[in-house]
Amino acid sequence: MKRLHKYLLISLLAISLPKYANGCWVPSNLPAAYYMYRVYEGENNALVGDASQDRTENCREWQKMTSYSIPLHEIHYVVYDMPLEEIEKVATRRDSTYNNRFLERITKKDTAILDFLLLAKTNEYIRAKRNSRWYYPLMKIGARMTLEEVAQVSLSADIPALRERYLLQGVRALFTLARYDECIRIWEEEVELLPRENLMRRMIEPYIAGARYHMGQLGSDIEYFAQMGDIESMLYCSYLSGERISAVKALSMICECDPNHHNIPKALQKCVRQMEPNLYWDWDHSFTATPEYNDLCSLCNRMIRSAEVTDKAIWYYTRAFLYDLVKDTWMAMRYLKLAEGQKCSQFLKESLKVFRIYLDSKSSTYDSSYEVKLLGQLRWLEDKIVNNIDQDVVLETIDGSKLGRMISYYYWNDMLRRILLAEVCPRMLEIGKTNRALQLANMADNFLPKVVGVKSDLHYSNHFFEMIDSLGLDVAKCYTANIRNPKSEFDRYLNQRGYTDSDYLNDILGTQCLRNLRYSEAVGYLENVSQGYWASLKVGDHMGPYLNRYEFALEMHILEKKIGIVTNPDIKGKYMYKLGIEIRQSFETHWGLTQYYKGTNFVDQVCIKRDWESDKYTSAARRRAQSLIDEALQTVTDPELAADLHYRLNHFRTVAQKYPDTAKGRLVRGECDKWVDYDIFNK
Amino acid sequence: MRSLLKFLFIFTTASTLIWSCTGTTGKKSAYQSSIYHWKTVFSPDSAEMAFIEKQSIGRIYLRMFDVALETNQWTRKQEIVPIATTRFESSIPKGVEIVPVTYITLEALRAMSGQEREYAELITDRLLAMCSHNECGNIREVQFDCDWTATTKGIYSSLCQHTKNLLSDKGIDLSITVRLHQLGENPPPADKGVLMLYNTGALKEFRTKNSILDLNDVKPYLMNKRTYPIPLDYSYPIFGWGVKFHGENFISIVSERDSVKSEKEVIRYERPTYPQIESVKRLVEKNLGKPADGNILYHLESEHIKHYSDEEIAQILAH
């Protein structure tokens with residue numbers, strides 16, 4: 001029921017937010033949902049948790065075969081996104097020039113690749129048509145080759161560099177033609193001889209599982225794939241047979257066949273990843289031990305006890321991770337220590353180190369000695385982030401969508417964010433170390449974009465902004481002061497790794513001053529924001545007649561000063577009236593002058609967003625506005641002016657009663673049937 | 001002169017005869033005795049083959065597949081797919097024209113909203129591919145069967161319009177089935193229709209006398225003479241079944257042969273008699289006119305056709 005409410009809330013937000021918010025709001029993960037468990041080295045270290053792993057790997061192989069100067073996304077477009085018709089046109093116009101460097105290469109130099117891609121796309125096109133439930137023999141396919149021809153050309157292709165790829169196409173075509181025995185023959189004669197890590201072999205394996213299923217060899221196939229350590233094919237076979245086995249069960253079978261099988265880390269990672277929290281929509285997620293979880297714990301225990309297992313570290317680490325999932329930090333630390341005491345690969349050592357930083361952040365007292373330790377740990381993570389960046393990470397960071405939505409894509413940066421944003425910052429806030437929490441959140445949000453050299457679009461929607469915007473003016477001022485005068489090495493370290501643009505900080509501080517009705521102070525901050533910065537902001541709506549907040553702050557500051565100086569009651573009253581109205585407007589229709597969003601309080605990231613409609617700032621502003629207006633009405637002495645002010649406030653009854661002979665009084669009385677207020681008064 | 005008179009006499013007589021055999025449009029008559037084939041396997045037995053021959057059945061309305069909404073096991077998404085595709089185990093009898101028919105469920109129709117053109121093409125392609133693959137001969141008509149309602153009429157009309165456009169390029173007509181309750185509405189775009197004169201009553205209602213055909217159920221729809229915007233043929237039932245009730249609650253449809261019931265169960269056996277069919281036929285033809293192309297029997301099944309004499313069948317088919 002609670003979850004239902006949350007979905008309802010999300011739905012309502014989805015409907016209401018575009019009306020008010022400055023930026024788009026899209027569902028996000030939570031920092032705690034970054035994948036942390038890491039034992040499988042075969043998976044790209046940089047890009048994690050991506051379902052398109054094989055595709056990326058495939059693109060890398062094409063890159064290797066052609067040129068490393070060709071970006072992966074250009075290869076990806078041609079290999080995966082380009083429709084058959086388009087590549088057919090390319091094949092007939094090889095002399096043309098293309099914006100895509102991969103296309104250029106395969107039309108001018110590696111033309112065998114173009115021929116292959118044409119065949120592969122034809123194959124997939126026909127297969128997609130034939131696999132459709134709508135397909136009926138003799139239905140028009142619209143391809144230039146038949147599937148039989150695709151199979152024949154693929155299997156007879158004699159280009160060593162492309163042989164394995166042609167085999168994949170051949171098997172796919174034969175499988176669709178239900179020539180399962182030939183698929184198995186090709187597997188046994190050629191594919192099985194390829195190394196197990198070979199991508200083409202991995203891609204062919206499911207077809208062989210399917211072929212064996214159709215040939216009635218399924219039961220033995222699960223065992224067969226267990227011996228090979230191929231969890232994917234085992235699960236596929238079990239799916240086909242209808243007797244589904246869990247990934248953990250499949251892993252157990254692999255371990256029974258060979259407790260040191262080189263594919264165990266991959267299978268293990270698959271199992272644990274399924275258990276790691278997915279907080280995309282499920283913000284209430286709390287882990288509960290499932291039968292699979294219990295099975296995996298038992299398997300870990302068995303493997304730890306087994307004398308045959310040579311790599312114990314991986315099992316201790318996994319057991320520690322599983323303890324952490326059920327929030328048993330003490331046992332998690334105990335098993336991590338046991339893992340750290342085992343011999344293991346450098347790769348696993350680094351995973352253990354990340355987990356150590358994470359568990360320290362959960363279990364340590366946040367005193368000065370922890371800060372020293374944390375600084376060292378951050379330096380280590382920083383080193384990993386800087387030294388493992390590749391082009392894919394750069395492109396993803398420039399794109400920013402995964403970063404903004406907290407979707408795993410770069411292990412080292414993900415871990416920095418997960419540990420700081422999900423563990424350290426909330427605890428720092430709890431114990432009142434708001435400045436440190438802001439510094440750490442700033443580093444978590446901005447370090448990678450800074451290293452990559454990206455101007456992030458997230459500065460007004462990330463965790464750091466959320467914190468500084470919601471912790472109050474005093475905290476924000478303290479933070480900014482620290483930027484200018486860092487007190488410790490840790491301060492300097494963190495400040496250098498965060499986004500400390502003075503325009504940005506002055507805007508935030510000035511806006512908070514406006515929210516606190518401290519206009520003179522606001523002018524002090526906002527006058528330091530450059531014109532270029534104002535122009536670059538994607539705000540401007542909901543600011544009424546003002547181009548930016550500085551103009552507004554200045555206007556309000558001048559009004560306040562004038563009120564203090566003038567003695568003429570009518571002029572003073574007019575200024576007071578204007579100030580009151582402007583204050584009210586700046587929290588209502590012109591809300592963009594005092595806030596960055598007009599949402600409501602929803603759980604988003606680290607902090608709870610302010611309840612904009614009725615928080616202390618809005619209430620105080622409303623009271624101040626009302627008091628100024630009331631005072632203005634009492635101050636003015638000129639009946640025409642008084643009537644005019646009452647008229648603007650829709651006080652028609654007062655205008656008609658107290659100022660009947662003024663211009664506004666005559667207007668109200670003359671139009672009495674239109675003014676309900678006055679009409680009621682007359683009755 | 002005598003020879004001239006003789007020529008005029010012969011010419012006039014021949015012209016009258018020819019004219020009498022054509023419809024009001026002047027188009028050559030296509031009167032045919034037809035029957036529906038509504039099974040998943042096309043394999044007429046000897047009795048059915050004999051029936052086709054004896055009754056000079058010139059056209060079979062052959063259900064090819066149903067279009068339904070199903071959950072894809074892999075993606076867990078709902079998909080509009082062809083189901084219960086007819087398997088051809090026999091070849092088409094010589095000289096018999098095939099009209100491929102597809103039944104479209106309401107759920108599938110609703111799900112097609114906005115994609116009518118795409119599905120018109122898929123359905124048409126599949127029907128024609130099936131006809132071609134199974135050597136159904138020259139196809140001159142394709143039929144859609146759908147129990148559309150006022151709320152789904154828009155989608156169905158769009159689907160029919162797209163299909164009609166696709167078929168007219170190939171010189172093929174689109175026909176649609178018309179249920180009695182749909183008679184009051186303008187038909188969706190189609191070249192012709194078949195008025196279904198069966199399943200006229202409430203099957204699950206215990207007090208229904210005969211849900212397959214009852215003159216009293218037909219009468220409200222055909223009180224007066226009326227015209228329908230597209231040419232209509234009429235389809236009459238020659239089948240029967242048992243309707244099993246537990247107390248007054250509907251349980252299931254059962255076959256007449258092997259229906260077993262417990263003490264509290266009642267089976268209502270239904271099969272329209274020839275006189276009942278004939279009385280409905282008279283009412284229909286009186287108020288809607290003669291069929292445009294002929295009468296159609298529903299459906300080809302030796303278990304059912306044996307309940308009617310050759311003469312009775314001939315009379316039902318007669319126009």
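The structure displayed is predicted, hence computed values, not measured ones. When reading the values below, keep in mind they use all heavy atoms of this one structure, side chains included, and skip hydrogens, waters and symmetry mates. Naming convention: chains lettered A, B, ... in sequence-line order (proteins, then strands); numbering from 1 in each chain.
- Applying the 6.0 Å contact sphere to CD of B:Glu135 captures no more than 12 heavy atoms from other residues, nucleotides or ligands.
- Contact annotation for B:Ile123: both backbone and side-chain heavy atoms come within less than 4.5 Å of a heavy atom of chain A.
- Of the residues B:Leu128, B:Leu127, B:Thr85, the one that meets the side-chain contact (heavy atoms from CB on, under 4.5 Å) test with A:Tyr136 is B:Thr85.
- Applying the 6.0 Å contact sphere to CZ of B:Arg117 captures no more than 12 heavy atoms from other residues, nucleotides or ligands.
- For the pair B:Asp125/A:Trp134, no side-chain contact is recorded, criterion being any heavy-atom separation below 4.5 Å from C-beta on.
- A:Glu86 CD: more than 12 foreign heavy atoms inside a 6.0 Å radius.
- Taking 4.5 Å as the limit, every side-chain heavy atom of B:Ile80 sits out of range of all side-chain heavy atoms of A:Arg133.
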